[in-house]
Amino acid sequence: MDPDELSPATRVVSLGRVPREPGAQVGAPLTLTSTYHADGGTSYGRVGNPTWTAFEEALGSLEGGESLVFASGMAAVAAALSLVPHRGRVVVPTAAYNGTLVTLADRADAGEVEVTHVDITDTGAVVAALDGARMLWIESPTNPLLEVAEVAALSRAARDRDVLVVVDNTFATPLLQQPLAAGADVVVHSATKYLSGHSDLLLGATVTAATERGRALHERIRRHRQLHGAIAGPMETWLALRGLRTLSVRLERACANAAVLAERLAQHPGVDRMRYPGFGAMVAIDVSGDAEAAERVAAATRLWVHATSLGGVESQIERRRRQPGEPEVVPENLLRLSVGIEDVDDLWRDLDAALGAI
Ligand SMILES: *Cc1c(COP(=O)(O)O)cnc(C)c1O
């Protein structure tokens with residue numbers, strides 16, 4: 001069947017498999033090789049791998065473009081940032097993934113790029129910052145404040161000014177948001193998170209539009225991957241594809257859990273402010289109290305996993321400002337909650353009890 005006619009819930013299951021032939025394996029290939037017999041399609045393991053192709057086929061279809069897999073989300077971020085010309089200006093949210101912000105700050109210190117920080121929810125202010133810029137970097141919802149950007153309006157304004165638009169779609173996943181359809185040029189993912197979903201690997205990916213402009217970007221990013229060597233391990237890629245098979249059901253449960261918890265947390269006396277964009281499975285709370293109070297809550301959980309990272313089947317909790325490089329606009333008492341797929345009442349009982357530790 002034509003993948004374009006299949007719903008995303010079917011595509012996550014059915015794409016990236018070997019052709020249906022009698023005796024062929026049902027699952028995706030796990031190809032462990034550094035090189036290939038000469039005169040075939042792929043020459044060397046840094047250039048291509050059938051396991052990458054399987055993952056890229058599935059993710060590319062979900063995002064509506066052409067995907068490239070990387071060793072981590074940050075390798076994909078670095079590849080996307082390589083599209084900025086020397087001394088080009090990048091417009092970026094004030095609060096975004098700290099690895100992206102720190103990379104940009106380091107490159108700005110070295111005189112390689114200029115950076116303008118914006119409130120990504122203020123479309124007028126973002127558009128005003130675009131003149132003369134070379135790249136607009138969007139996260140939506142942002143990590144960890146869960147702010148939502150108007151991706152389509154921003155992409156249109158950027159396109160008018162010849163500014164490349166990159167969207168880090170890690171939090172929403174292609175099942176909840178497809179930035180390429182909204183006019184973005186490049187999507188980046190930390191596949192470490194929801195796409196793989198089991199907290200057992202690191203992986204990243206880019207996706208570019210299947211247009212002439214998109215193909216040119218794809219080729220530049222592919223060349224970056226081949227020459228910088230930040231390539232994905234076939235084993236990690238295979239595991240990520242296996243995890244991707246259940247993305248639709250995992251996300252359905254996690255999002256339903258998050259909606260219930262967000263409502264209950266908003267009423268909780270231990271919570272000063274509850275942040276939830278109305279979709280997705282990420283919630284953040286500013287606890288009533290200081291950084292130490294927030295740390296006590298995270299440490300007091302028994303079911304929630306006190307750890308950095310997100311998007312796994314298990315619910316995870318962390319005070320974000322304990323991470324060096326986290327921007328100062330993130331409150332010291334903010335706890336980021338990555339809601340998993342456990343029973344929601346078990347999650348609530350644990351969280352409610354932990355909030356008693358304030
Ligand atoms: C985790 C994360 C990254 C970095 O991904 P790694 O796989 O850890 O390298 C980038 N962007 C966002 C939004 C993330 O949450």
Side-chain angles (χ1 to χ4, degrees), residues 1-18 20 26-28 51-67 69 73 76 139-141 143 146 148 151 167-182 184 187-207 210 236-262 276-283 309-316 337-344 347:
M1 288 169 82
D2 180 357
D4 291 344
E5 288 170 9
L6 298 172
S7 106
T10 307
R11 287 190 227 179
V12 295
V13 175
S14 63
L15 294 182
R17 295 178 185 264
V18 297
R20 292 175 175 235
V26 170
T51 314
W52 298 354
T53 308
F55 180 85
E56 291 166 352
E57 180 187 316
L59 180 60
S61 168
L62 292 170
E63 288 284 7
E66 283 185 282
S67 175
V69 68
E139 265 182 35
S140 186
N143 183 0
L146 304 176
V148 175
V151 177
V167 178
D168 184 333
N169 206 23
T170 299
F171 273 35
T173 84
L175 297 191
L176 302 180
Q177 169 170 274
Q178 289 108 28
L180 298 179
V187 166
V188 303
H189 274 286
S190 170
T192 309
K193 315 293 170 53
Y194 289 103
L195 299 183
S196 63
H198 294 74
S199 308
D200 52 6
L201 61 90
L202 276 87
L203 203 77
T206 60
V207 194
E236 279 77 6
T237 312
W238 188 86
L239 281 169
L241 180 56
R242 178 165 139 147
L244 188 70
R245 300 296 185 213
T246 55
L247 177 65
S248 179
V249 285
R250 281 189 284 110
L251 208 60
E252 211 170 285
R253 167 69 85 94
C255 292
N257 282 353
V260 171
L261 294 180
Y276 168 63
F279 65 98
M282 298 299 299
V283 179
S309 200
L310 59 107
V313 288
E314 63 288 299
S315 296
Q316 293 159 316
L337 309 180
S338 168
V339 181
I341 67 169
E342 304 92 333
D343 178 87
V344 71
L347 290 175

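Bear in mind the structure is a predicted one, so any value in this text is a computation, not a measurement.
- Scanning both residues, Ser248 and Ala9, for their nearest heavy atoms gives OG-CB, 3.5 Å.
- The line from CG of Leu62 to CG of Leu15 is 7.0 Å long, rounded to the nearest 0.5 Å.
- No side-chain heavy atom of Glu236 sits less than 4.5 Å from a side-chain heavy atom of Leu202.
- Scanning all heavy atoms of the two residues, the minimum distance from Ala258 to Val339 falls at N-CG1, 3.7 Å.
- In this structure, the side chain of Trp52 does not engage the main chain of Thr237 through any donor-acceptor pair within 3.5 Å.
- The minimum heavy-atom distance between Ala240 and Phe55, with the atom names listed, is CB-CE1, 3.8 Å.
- Using a 4.5 Å heavy-atom threshold, the side chains of Met282 and Pro141 count as separate.
- Once rounded to the nearest 0.5 Å, the distance linking CG of Leu175 with CG of Leu247 reads 4.5 Å.
- Residues Met1 and Ser14 fail the side-chain proximity criterion, which asks for heavy atoms closer than 4.5 Å.
- If you take CZ on Phe279 and CG on Leu251, they are separated by 11.0 Å, rounding to the nearest 0.5 Å.
- Other residues, nucleotides and ligands place no more than 12 heavy atoms under 6.0 Å from the CZ atom of Arg242.
- Of all the heavy atoms in Asp168 and Glu139, the pair that sits closest is CB-CG, 3.6 Å.
- Under the rule for a salt bridge (Lys or Arg N to Asp or Glu O under 4.0 Å), the partners of Glu56 that lie at least two apart in sequence or sit in another chain are Arg225.
- When Leu195, Val207, Val187 are each tested for a side-chain contact (heavy atoms from CB on, under 4.5 Å) with Pro174, only one passes: Leu195.
- Arg250 contributes a side-chain N or O that, together with a main-chain N or O of Gly243, makes up a donor-acceptor pair within less than 3.5 Å.
- In this structure, the side chain of Arg17 does not engage the main chain of Ala28 through any donor-acceptor pair within 3.5 Å.
- Distance check, rounded to the nearest 0.5 Å: CD of Glu57 to CG of Leu241 gives 9.0 Å.
- In this structure a side-chain-to-backbone donor-acceptor pair under 3.5 Å is missing from Glu63 to Ser67.
- A 4.5 Å side-chain heavy-atom check between Leu347 and Val260 finds every atom pair outside the cut-off.
- Annotation for Gln316 and Gly311: closest pair OE1-N, 3.6 Å, computed over non-hydrogen atoms.
- Among all heavy-atom pairs drawn from Tyr194 and Phe171, the shortest one is CE1-O, 3.8 Å.
- In this structure, Ser196 contributes its side chain and Ala191 its backbone to a donor-acceptor pair below 3.5 Å.
- Remark: Thr170 OG1 to Leu310 CG distance equals 8.0 Å, nearest 0.5 Å.
- With rounding to the nearest 0.5 Å, the separation of OG1 in Thr192 from NE2 in His198 is 14.0 Å.
- Proximity of a side-chain donor or acceptor of Asn257 to a complementary backbone N or O of Gly340 within less than 3.5 Å is detected.
- At least one donor-acceptor pair under 3.5 Å links the side chain of Arg11 to the backbone N or O of Leu6.
- Residues Glu342 and Ser315 have side chains that bring a donor and an acceptor to within less than 3.5 angstrom of each other.
- Residues Ser140 and Val167 form no side-chain contact, since every pair of their non-hydrogen atoms from C-beta on lies 4.5 Å or further apart.
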